[in-house]
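I have placed the structure first, in the form of structure tokens, so that the comments after it can refer back to it.
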Number of protein chains: 2
Amino acid sequence: MRASSVNQIILKTLEQDQSHLTAQQIYGRIRDNLPAVNQSTVYRALERLAHAGQVSVSDMGLGAAVYEAVGGEQHHHLVCQECNQVITIDDAAIQALFNDIERQHDFQVVTNHLILFGRCSACRERMPE
Amino acid sequence: MRASSVNQIILKTLEQDQSHLTAQQIYGRIRDNLPAVNQSTVYRALERLAHAGQVSVSDMGLGAAVYEAVGGEQHHHLVCQECNQVITIDDAAIQALFNDIERQHDFQVVTNHLILFGRCSACRERMPE
DNA sequence: AATTATAATGCAATAATTTGCAGTTGCAAT
DNA sequence: ATTGCAACTGCAAATTATTGCATTATAATT
Ligand SMILES: [Zn+2]
Ligand SMILES: [Zn+2]
Ligand SMILES: [Zn+2]
Ligand SMILES: [Zn+2]
């Protein structure tokens, strides 16, 4: 992957701004600095960065995919399907599973921002079953 | 959730046809029987069925989301990002993780068709690092 | 500095998905 | 059977995402 200008700006944007930005949000912020950029360029740059492991892409149940810079400490999320609450979980348990899979299936998992959907405790109390 | 006609047809379609159909493929098959159906109705019916746990929705790295009927035996997949090979894995290890999460975070995971991306052994041999 | 190969971009067309809103239908309670 | 409510649907528009192809920028090689 080349050191293209859009790559650099996307990474800087994702590191500076809040996490979990949509492609359109990233596109908007980039246009502030680099007005001529095309949207397909942003989508393709995000795809490249995701494939290279520098950003994560996730469907968190919003309308659009969200992107996040992948730093040293990885994390994952639980998303409540009822109230949309987002819980952050650390990497340890997840990596244990990934290691198991790597041993059992000889497959190197690179998923770096896992989203699991379900129901939080409050929503289960509020509406059991 | 009501017993709407579109719900029934979608479930029948997913059970009869091959797995991992896109919304457009489902839409196409439904139109064969029920020509007047609108595509947004199909999307919303799929969303309902997914929320009810009767079908799974997954991004498997194709252009579009894929849907599958959820039967008694659940399964999950590993998808190679290089060669697009799809490996099916069984539920045991995954449910163990989900149980851990449920204990540690008091969060009931309902994800029923987990997709993990990575690199298969052949691709790692072919292009190490 | 010129050449070359490949990655990255712009542009426009297309595809996939979501949404607002008005109207319809299924279902339960009178 | 009638009523009433909420779920479901159709339609059109908007949003989100992907793709083909010609052009440009980057980095390595000569
Ligand atoms: Zn995150
Ligand atoms: Zn909740
Ligand atoms: Zn499957
Ligand atoms: Zn592979």
Side-chain angles (χ1 to χ4, degrees), chain A residues 1-14 20-68 79 81-82 84 115 117 127, chain B residues 1-14 20-68 79 81-82 84 115 117 127:
Chain A
M1 186 174 64
R2 281 183 194 167
S4 86
S5 51
V6 177
N7 282 357
Q8 307 309 318
I9 295 184
I10 287 180
L11 284 175
K12 203 175 57 179
T13 301
L14 286 176
H20 302 159
L21 297 178
T22 67
Q24 296 296 324
Q25 290 172 318
I26 295 166
Y27 181 42
R29 282 167 179 63
I30 288 181
R31 293 184 79 162
D32 296 342
N33 304 345
L34 203 60
V37 145
N38 190 272
Q39 67 158 348
S40 68
T41 302
V42 174
Y43 277 100
R44 286 193 271 226
L46 285 167
E47 188 183 2
R48 274 201 305 276
L49 291 166
H51 190 268
Q54 300 186 259
V55 312
S56 63
V57 206
S58 312
D59 172 8
M60 295 184 70
L62 312 166
V66 293
Y67 298 82
E68 186 171 25
V79 177
Q81 283 184 326
E82 309 300 337
N84 299 312
I115 309 297
F117 293 95
M127 42 189 289
Chain B
M1 186 174 64
R2 276 185 200 165
S4 87
S5 51
V6 177
N7 282 357
Q8 308 309 319
I9 296 184
I10 287 180
L11 284 175
K12 204 175 56 178
T13 301
L14 286 176
H20 301 157
L21 296 178
T22 67
Q24 295 298 324
Q25 290 172 320
I26 295 166
Y27 180 42
R29 281 166 179 63
I30 288 182
R31 293 185 79 165
D32 295 343
N33 304 344
L34 202 60
V37 149
N38 190 271
Q39 64 165 305
S40 69
T41 301
V42 174
Y43 277 100
R44 285 193 273 224
L46 285 167
E47 188 184 1
R48 272 200 309 274
L49 291 165
H51 189 268
Q54 300 187 257
V55 312
S56 62
V57 206
S58 312
D59 172 9
M60 295 185 70
L62 312 166
V66 293
Y67 298 81
E68 186 171 23
V79 177
Q81 283 184 328
E82 310 301 336
N84 299 312
I115 308 297
F117 293 96
M127 42 188 290

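Every chain is numbered from 1 and lettered A, B, ... according to where its sequence line falls, protein lines coming before strand lines.
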Worksheet item: Considering all heavy atoms of both residues, which atom of Met1(A) and which atom of Leu49(A) are nearest to each other, and what is their separation?
Response: CE-CD2, 3.9 Å
Worksheet item: Which nucleotide sits closest to the side chain of Val37(B): dC27(C), dG10(D), dA17(D)?
Response: dG10(D)
Item to complete: Counting heavy atoms from C-beta on, name the nucleotide in dC27(C), dT17(C), dT16(D) closest to the side chain of Ala64(A).
Response: dT16(D)
Worksheet item: NA contact type, Gln24(A), heavy-atom cut-off 4.0 Å: base, sugar-phosphate, or nothing?
Response: sugar-phosphate
Item to complete: Would you mind reading off the distance between Leu46(B) atom CG and dT19(C) atom P, rounded to a whole angstrom?
Response: 15 Å
Worksheet item: Out of dA12(D), dT17(C), dA27(D), which nucleotide sits closest to the side chain of Ser40(B)?
Response: dA12(D)
Worksheet item: Which of these nucleotides, dG10(D), dC11(C), dT17(C), is closest to any side-chain atom of Asn38(A)?
Response: dC11(C)
Discussion item. What is the distance, to the nearest angstrom, from the CD atom on Glu47(A) to the C1' atom on dT19(D)?
Written reply: 11 Å
Worksheet item: Looking at side-chain heavy atoms only, is the closest gap between Glu47(B) and His51(B) below 4.5 Å?
Response: no
Practice prompt. Locate the shortest heavy-atom distance separating Tyr43(A) from Ala23(A); write the atom from each residue and the value.
Written response: CE2-CB, 3.6 Å
Worksheet entry | Closest-nucleotide ordering on DNA chain D, the 5'-leading residue of Leu62(B) and Met1(B) | Met1(B)
Item to complete: Please confirm whether any donor atom in the side chain of Arg48(A) sits under 3.5 Å from an acceptor in the base of dA7(C), or the reverse.
Response: no
Worksheet item: Tell me: NE2 of His51(B) to P of dA7(D), nearest whole Å?
Response: 12 Å
Discussion item. Under 3.5 Å, is there any donor-acceptor pair linking the side chain of Arg44(A) to the base of dT9(C)?
Written reply: no
Fill in: Tyr43(B) vs dT18(C): side-chain N/O to OP1/OP2 distance below 4.0 Å
no
Worksheet item: Quick one: Asp59(B) CG to dA17(D) P, roughly how many Å, whole number?
Response: 11 Å
Worksheet item: What integer distance in Å separates Leu11(A):CG from dA8(C):P?
Response: 13 Å
Worksheet item: Just checking Thr22(A): base, sugar-phosphate only, or nothing, at a heavy-atom cut-off of under 4.0 Å?
Response: nothing
Worksheet, complete the sentence: Comparing nearest nucleotides in DNA chain C, the 5'-proximal residue of the pair Val66(B), Ala36(A) is Ala36(A)
Item to complete: Figure out the CD1/P separation between Ile30(B) and dG10(D), and round it to whole Å.
Response: 10 Å
Practice prompt. Answer whether the closest heavy-atom distance between the side chains of Val55(A) and Leu11(A) falls below 4.5 Å.
Written response: yes
Worksheet item: If you check the Gln39(A) side chain, which of dT17(C), dT9(C), dA17(D) turns out closest?
Response: dA17(D)
Worksheet item: Side chain of Arg2(B): nearest nucleotide among dA8(C), dC27(C), dT17(C)?
Response: dC27(C)
Worksheet item: Should Thr41(B) be listed as having a side-chain N or O under 4.0 Å from OP1 or OP2 of dG10(D)?
Response: yes
Worksheet item: With a 3.5 Å cut-off and no angle check, do the side chains of Asn7(B) and Arg48(B) form a donor-acceptor pair?
Response: yes
